**Student:** 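After the structure tokens below, expect a handful of questions from me.
Lettering of chains follows the sequences in order, A, B, ..., and the numbering in each one begins at 1. Note that the coordinates shown come from a computational prediction; the quantities given were computed from them, not determined experimentally.
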Amino acid sequence: MVDEKTPIADADFIACVRELSQHVENGNIEEADRILDQIAKLRESSLFQELGKLTREFHNALNSFRLDARLASFAEKEFPNARERLRHVVTMTAQSADRSLTAAEESMPLCDSIENEASELKGQWERFSRREMSAEEFRRLSGRIGLFFEKAGSDAAHLRGNLNEVMMAQDFQDLTGQIIERVITLVDDMESGLVDLIRLSGQNLREQEPAEKKEEDLLKGTGPVVPGVDDAAPNIVSGQDEVDDLLSSLGF
Amino acid sequence: MDKNIKILVVDDFSTMRRIIKNLLRDLGFNNTAEADDGLTALPMLQAGSFDLLVTDWNMPGMQGIDLLKAVRADPKLAHMPVLMVTAEQKKEQIVEAAKAGVNGYIVKPFTAATLKEKLDKIFERMQASH
């Protein structure tokens, strides 16, 4: 009649059944009915207790899930931000590669023309050394050498400019490095959040303290401003000019 | 202006240190040294006779802003000009750096012309105060 596994207090249950069988043997039907009702009640209250416990656990689980602001903020804010940050990294690396390639492409023809002119002049100079050159030819050669000296000077300056451009284009490594470090920190936080969640669901479910909102510590430095993520904030300066304005307003 | 002044360049990214050193060399300053954060920079500053500090803000170990404060707190270093070259561009941070006594503040990415301009300004003031 009563399943063994139903957690009615055993002693109560055994006592009831003994009493019941005695009443039945004695033909005391009214008393037997009363005992049967008692047994049914015992079982009912036990079921309700179990159901109540389950409900409470379910409620706690839902709450702790909802209350874990950290995980919620990952989903709502941090991950979309991380995506924007990584996109910005892609853009910056592409721009840098572009700048470097443009500077290199522009430099190649300069090197070619210096090389060609030098080798032609070398040939003519050798003819002159072997005294195979007329005075008229030499006058023309001398003019050409003068032009070459001038051009070599300006081409070298141009090449230096291009090399500087290649060098400055490498500034992306510092900036993207800082951005990527931030995303790595986010992934670490996410990992520990998930580990907490697993621990939480594996154990008795209990209500968790809401994760404290992490305020950015400005003194620690927060890395480069990423377009579409940080640049909308009113406290961000847009560039060097605004920095200079701000500092001069402070008496700099 | 004396091109032989000794300059310490502090940044945790070696590429940025190289860029700044190259730009400085281009401007005629060859006497430079490097450190990768405040913790390594401070003892170097205390031990060596540096004339100028160029530092990043966001670094592991000791941040640039803390290095600046440490420099200002050290009687031997207190008057050393400090130029901050950083990606930090929140107004509160710039004000914080100004309060801590920074002599110039450059936001990354920057140009060679900006570096030259800020250095010139620092040197002008150094000479005026001497």
Side-chain angles (χ1 to χ4, degrees), chain A residues 85 88 91-93 95-96 99-100 157 160-161 163-182 184-185 215-227 230-252, chain B residues 11-23 25-27 37-38 55-69 84-115 117-118 121-122 125:
Chain A
R85 285 182 204 287
H88 187 55
T91 311
M92 286 176 85
T93 49
Q95 279 170 350
S96 162
R99 276 173 77 185
S100 306
R160 180 204 302 283
L163 287 173
N164 260 326
E165 175 73 3
V166 171
M167 188 185 73
M168 290 306 289
Q170 309 313 308
D171 66 357
F172 82 95
Q173 201 275 332
D174 166 23
L175 300 173
T176 56
Q178 293 187 53
I179 293 172
I180 291 172
E181 293 287 356
R182 259 192 100 166
I184 291 174
T185 308
E215 279 294 328
E216 275 186 337
D217 185 354
L218 291 181
L219 286 186
K220 275 194 179 156
T222 50
V225 165
V226 175
D230 315 294
D231 58 347
N235 62 339
I236 301 288
V237 298
S238 63
Q240 189 63 43
D241 287 345
E242 238 184 278
V243 176
D244 295 348
D245 289 348
L246 179 60
L247 284 177
S248 74
S249 77
L250 294 167
F252 264 69
Chain B
D11 199 307
D12 52 330
F13 282 88
S14 65
T15 35
M16 185 47 73
R17 292 200 301 270
R18 279 175 68 184
I19 289 175
I20 293 173
K21 278 185 71 173
N22 276 306
L23 290 173
R25 188 178 306 136
D26 224 39
L27 295 170
D37 84 322
T55 183
D56 184 23
W57 182 313
N58 189 14
M59 294 179 288
M62 189 194 235
Q63 305 266 329
I65 187 74
D66 297 324
L67 177 62
L68 169 62
K69 289 175 182 168
M84 204 150 226
V85 180
T86 173
E88 304 300 324
Q89 53 190 95
K90 297 196 177 68
K91 286 178 183 160
E92 297 91 314
Q93 293 174 310
I94 299 162
V95 172
E96 178 73 23
K99 274 199 237 156
V102 81
N103 301 83
Y105 197 103
I106 296 178
V107 286
K108 296 173 185 172
F110 62 99
T111 63
T114 305
L115 181 66
E117 183 198 322
K118 302 302 166 202
K121 215 168 160 184
I122 287 175
R125 291 195 180 172

**Student:** Looking at chain B, which one of Val237(A), Asp171(A), Val225(A) has the largest number of heavy-atom pairs inside 4.5 Å, strictly under?
**Tutor:** Val237(A)
**Student:** Can you tell me which of Ile19(B), Asn22(B), Leu23(B) forms the most heavy-atom pairs within a distance under 4.5 Å of chain A?
**Tutor:** Ile19(B)
**Student:** At a heavy-atom distance under 4.5 Å, which candidate from Gln63(B), Glu96(B), Lys118(B) has the highest pair count against chain A?
**Tutor:** Gln63(B)
**Student:** Could you look at Gln93(B) and say if it's the side chain, the backbone, both or neither that has a heavy atom under 4.5 Å from chain A?
**Tutor:** side chain
**Student:** Search all heavy atoms of Ala100(B) against all heavy atoms of Ile65(B) and return the closest pair with its distance.
**Tutor:**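 So the minimum-distance heavy-atom pair works out to CB-CD1, 4.2 Å.
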**Student:** Under a 4.5 Å heavy-atom cut-off, does chain A meet the side chain of Ile106(B), its backbone, both or neither?
**Tutor:** both
**Student:** Under 4.5 Å, counting heavy-atom pairs only, tell me which of Gln170(A), Arg160(A), Gln178(A) racks up the most with chain B.
**Tutor:**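 So the answer, after comparing Gln170(A), Arg160(A), Gln178(A), is Gln178(A).
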**Student:** Against chain A, label Asn103(B) side chain, backbone, both or neither, depending on which of its atoms sit under 4.5 Å from a heavy atom there.
**Tutor:** backbone
**Student:** Check each atom of Ser238(A) against the heavy atoms of chain B and say whether the ones under 4.5 Å are side chain, backbone, both or neither.
**Tutor:** backbone
**Student:** Find the one option among Ser14(B), Ala97(B), Ala87(B), Gly104(B) whose heavy-atom pairs under 4.5 Å with chain A are most numerous.
**Tutor:**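 Winner by heavy-atom pair count: Ala87(B).
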**Student:** Any side-chain heavy atom of Asp11(B) sitting closer than 4.5 Å to one from Lys108(B)?
**Tutor:** yes
**Student:** For chain B, which candidate among Gly221(A), Gly239(A), Pro224(A), Gly251(A) shows the most heavy-atom pairs at distances under 4.5 Å?
**Tutor:** Gly221(A)
**Student:** Between Asp174(A), Leu247(A), Asp244(A), Val243(A), which has the largest tally of heavy atom pairs under 4.5 Å with chain B?
**Tutor:** Asp174(A)
**Student:** Counting only non-hydrogen atoms closer than 4.5 Å, does Leu246(A) touch chain B with its backbone (N, CA, C, O), its side chain (CB onward), both, or neither?
**Tutor:** side chain
**Student:** So for atom CZ, which belongs to Arg99(A), do other residues, nucleotides or ligands contribute more than 12 heavy atoms lying within a distance under 6.0 Å?
**Tutor:**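 Result for CZ/Arg99(A): enclosed.
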**Student:** Test salt bridge (charged side-chain N to carboxylate O under 4.0 Å, His left out) on Lys21(B) and Asp26(B); report intermediate values, then the result.
**Tutor:** CA-CA 9 Å; Lys21(B) 278 185 71 173; Asp26(B) 224 39; over 6 Å; no
**Student:** Find the distance between CD (Glu181(A)) and CZ (Arg85(A)) and round it off to the nearest 0.5 Å.
**Tutor:** 13.0 Å
**Student:** Cut-off 3.5 Å, side chains only: do Glu88(B) and Thr222(A) have a donor facing an acceptor?
**Tutor:** yes
**Student:** Kindly indicate whether the side chain of Leu250(A), heavy atoms from C-beta on, has any atom under 4.5 Å from the side chain of Val95(B).
**Tutor:**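 Yes; the side chains approach each other to less than 4.5 Å.
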**Student:** With no hydrogens and no angle check, just 3.5 Å: does a side-chain donor-acceptor pair link Thr111(B) and Thr114(B)?
**Tutor:** yes
**Student:** At a heavy-atom separation under 4.5 Å, does Ala112(B) approach chain A through its side chain, its backbone, both, or neither?
**Tutor:**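 Backbone only.
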**Student:** Tell me, side chain or backbone of Lys99(B) under 4.5 Å from chain A's heavy atoms, or both, or neither?
**Tutor:**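 For Lys99(B), there is no contact with chain A at all, as no heavy atom is under 4.5 Å.
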**Student:** What closest approach, in Å, do Met59(B) and Asp56(B) show between heavy atoms, and which atom pair accounts for it?
**Tutor:** CE-O, 3.5 Å
